[in-house]
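Scroll down for the structure; my scribbles are underneath it.
Lettering of chains follows the sequences in order, A, B, ..., and the numbering in each one begins at 1. Quantities reported herein were computed from a predicted structural model and do not represent experimental measurements.
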Protein chains: 2
Amino acid sequence: MTPYRILVTDDEEDLCEILKFNLEAEGYIVDTAHSAEEALTLDLKNYNLIVLDVMMGEISGFKMASIIRGNDLLKHIPIIFLTARDSENDMLTGFNIGGDDYISKPFSIREVQARIKALLRRTSPNEENSKDEILYETLRLDLRSKKCYIDSCEQALTKKEFEILHLLLKNNNQVFSREEILTYVWSDEVYVLDRTIDVNITRLRKKIGIYGKCIVTRQGYGYCFET
Amino acid sequence: MTPYRILVTDDEEDLCEILKFNLEAEGYIVDTAHSAEEALTLDLKNYNLIVLDVMMGEISGFKMASIIRGNDLLKHIPIIFLTARDSENDMLTGFNIGGDDYISKPFSIREVQARIKALLRRTSPNEENSKDEILYETLRLDLRSKKCYIDSCEQALTKKEFEILHLLLKNNNQVFSREEILTYVWSDEVYVLDRTIDVNITRLRKKIGIYGKCIVTRQGYGYCFET
DNA sequence: AATTTTTGTTACAATAGTATGACAAAGATA
DNA sequence: TATCTTTGTCATACTATTGTAACAAAAATT
């Protein structure tokens, strides 16, 4: 079982360290950022949960949450707000933006731990991600073995091909730009031309036979798996 | 869309009524029970969320939560604890049993509403969240697939056409100057004549049939989608 | 009504976007 | 190391989309 990754974003460095220490003791992998700007340079899609201080430098925690909720690849990530102010309006704002929990300072570390655990129990592997396969007609993606089957016959896909298909199929009928596909399928450090995606799409289409037609090109937009 | 059903279990009848009243105002269907024993006579699997007072008669809220979590048919139902005691140990117990949230009395109704909403958003994902579309009579723009439908029939639009229509429809009855349309639809670096918009408007009007008439020219101002 | 301004339409050209084969580089495996 | 697989890049052909010019039509102005 791969451990949960948590991002803690707070301008108080001491607080970040305390949280990091205590959460790592629980078995999580914890990264910290001291401003929203810094956090946004990270590969947010890697995190299972994001802790956000409400009051931070230029970009507030609320603003950052809006950015996350506005991004299709990130919108599902649970967010917990931390705040020094104990105002009801603030709290309601936090929930309205799409926050999952809201904790006022000073808080007990144990409370934060408990709330994080409860939220992860809800959001991560248990229910939603426990889907270990994606089905569309006779096309089946086994997410555990990373294999693709058509009519129960395995169609060998390479890693990139599998991940592109996974992204498109999981969000069928949604158009993904080349840039989005790049951020999802390729790691951050690697820079490849977006034409590379065309080539991979071509290869993928060939391998999945009749379902190749389902991956449609939306000129000017990108690609989409249409059902 | 079938509404969410919530069960409120608390031995204070007044409190139950206040919660029932305010939650029903939000569109939920709310049942109340005044003891765990009473709650257990109900068909719990019908509820999308259960609110439990910790301190109640014979069977405590914690005990009842354990029963729910121990039943395969019920274990997925989100639970929010209410408590008069503001003790950290109690709270940790609540989360450990498998509670999803824990609210200390006295609480604000708005906070309870917000937390219930946030939890339901997580646990009972409705289609509404993923449905990004703009509707006007039988004209429908699907923003995820970037497709335009009239009477459920797709009308193929090019990217520019789609984006112009999107802008106008989203802000219907507002006039947009050619310059405004240019800044919204065209990227910054590109410089095109504003007559280009006329041409695109023409093409768009043709493609969207009867709705073509809704895109009206406001001479001297620009274009507007009138409803 | 005549003139000027603004907008609509068409046809065509220019451009941007895409598919694909071939090859090379990088990585994995034996 | 040798071999095979995966992946990225390039070159090229091809296509859809888009921009522009030219002119017609409509609206506004005189």
Side-chain angles (χ1 to χ4, degrees), chain A residues 145-148 154-168 175-209 211-226, chain B residues 146-148 154-168 175-226:
Chain A
S145 64
K146 311 287 183 188
K147 288 186 173 177
C148 168
E154 187 188 343
Q155 294 302 118
L157 297 187
T158 68
K159 190 179 179 199
K160 291 279 184 287
E161 289 158 2
F162 187 89
E163 290 185 357
I164 292 173
L165 183 56
H166 180 192
L167 172 69
L168 296 181
V175 178
F176 286 90
S177 68
R178 289 179 174 70
E179 200 177 351
E180 287 172 322
I181 296 174
L182 276 182
T183 57
Y184 189 83
V185 174
W186 274 260
S187 68
D188 263 6
E189 318 87 57
V190 182
Y191 291 97
V192 295
L193 303 179
D194 57 2
R195 293 288 120 214
T196 297
I197 292 167
D198 302 33
V199 178
N200 279 282
I201 289 280
T202 297
R203 290 168 180 157
L204 177 56
R205 279 178 175 147
K206 271 186 197 159
K207 290 192 182 178
I208 59 175
Y211 296 105
K213 287 192 300 295
C214 296
I215 300 178
V216 298
T217 306
R218 304 300 309 285
Q219 189 154 345
Y221 288 115
Y223 297 97
C224 175
F225 192 100
E226 292 190 350
Chain B
K146 311 286 184 187
K147 286 188 170 183
C148 169
E154 187 189 342
Q155 294 302 119
L157 298 187
T158 69
K159 190 183 181 192
K160 291 278 186 288
E161 290 158 1
F162 187 89
E163 292 185 353
I164 292 173
L165 182 56
H166 180 192
L167 173 68
L168 297 181
V175 179
F176 286 90
S177 69
R178 289 180 175 71
E179 199 178 352
E180 286 173 322
I181 296 175
L182 276 183
T183 58
Y184 277 110
V185 175
W186 273 259
S187 69
D188 277 355
E189 317 90 57
V190 182
Y191 292 97
V192 295
L193 304 179
D194 57 1
R195 302 310 317 285
T196 296
I197 292 167
D198 301 35
V199 178
N200 278 283
I201 290 281
T202 298
R203 290 169 180 154
L204 178 55
R205 279 178 174 147
K206 269 187 198 158
K207 290 192 182 178
I208 59 176
I210 54 168
Y211 296 104
K213 288 191 298 294
C214 296
I215 300 178
V216 298
T217 306
R218 305 299 308 284
Q219 190 153 348
Y221 289 114
Y223 298 96
C224 174
F225 192 99
E226 291 191 348

### Query
Quick one: is A:Arg205 getting a side-chain N or O under 4.0 Å of the C:dA19 phosphate, OP1 or OP2?
yes
### Message
Strictly below 4.0 Å: does A:Thr202 bring a side-chain N or O up to OP1 or OP2 of C:dT18?
### Response
no
### Query
Is there a side-chain contact between A:Tyr211 and A:Gln155 (heavy atoms, below 4.5 Å)?
no
### Query
D:dA26 P sits how many Å from B:Gln219 CD, rounded?
13 Å
#### Entry: Side-chain N,O (A:Tyr223) to OP1/OP2 (C:dA19) below 4.0 Å
yes
### Message
Less than 4.5 Å apart, side chain to side chain, heavy atoms only: is that true for B:Leu182 and B:Tyr191?
### Response
no
### Task
For D:dG19, take OP1 and OP2 only and decide whether either is under 4.0 Å from a side-chain N or O of B:Asn200.
yes
#### Entry: Under-4.0 Å side-chain N/O to phosphate OP1/OP2 contact, B:Lys160 with C:dT15
no
### Query
Quick one: is A:Arg195 getting a side-chain N or O under 4.0 Å of the C:dT18 phosphate, OP1 or OP2?
yes
#### Entry: Pairwise side-chain contact, A:Lys207 with A:Thr158, heavy-atom cut-off 4.5 Å (strictly under)
yes
### Protein-nucleotide distance (A:Ile201, atom CD1; C:dA19, atom P), rounded to Å
8 Å
### Query
A:Lys206 NZ to C:dT20 P: how many Å, rounded?
7 Å
### Phosphate contact (C:dT7 OP1 or OP2) by B:Thr217 side-chain N/O below 4.0 Å
no
### Task
Calculate the interatomic distance between A:Lys146 atom NZ and D:dT5 atom C1'; express it in whole Å.
20 Å
### Message
Output the rounded distance in Å from CD1 (A:Ile197) to C1' (D:dT9).
### Response
14 Å
### Task
Check whether any side-chain N or O of A:Arg203 sits under 4.0 Å from OP1 or OP2 of C:dA19, and answer yes or no.
no
### Query
Between D:dT18 atom P and B:Leu157 atom CG, what is the distance in whole Å?
10 Å
### Query
For B:Lys159 and C:dT18, is the shortest distance between a side-chain N/O and OP1 or OP2 below 4.0 Å?
no
### N/O (side chain, B:Trp186) to phosphate O (OP1/OP2, D:dT18) under 4.0 Å
no
### Query
Counting side-chain heavy atoms from C-beta on, which of D:dT17, C:dG21, D:dT20 comes nearest to A:Val199?
C:dG21
### Summary
Here the distance between atom C1' of C:dA19 and atom CG of A:Leu204, to the nearest Å, is 14 Å
### Task
Answer whether the closest heavy-atom distance between the side chains of A:Lys146 and A:Glu163 falls below 4.5 Å.
no
### Message
Can you tell me which nucleotide in D:dT7, C:dT20, D:dT9 comes closest to the side chain of A:Thr196?
### Response
D:dT9
### Task
Determine whether A:Val175 and A:Tyr223 make a side-chain contact, defined as any pair of heavy atoms from C-beta on separated by less than 4.5 Å.
no
### Query
Roughly, in whole Å, what's the span from CZ in A:Arg218 to P in D:dA16?
15 Å
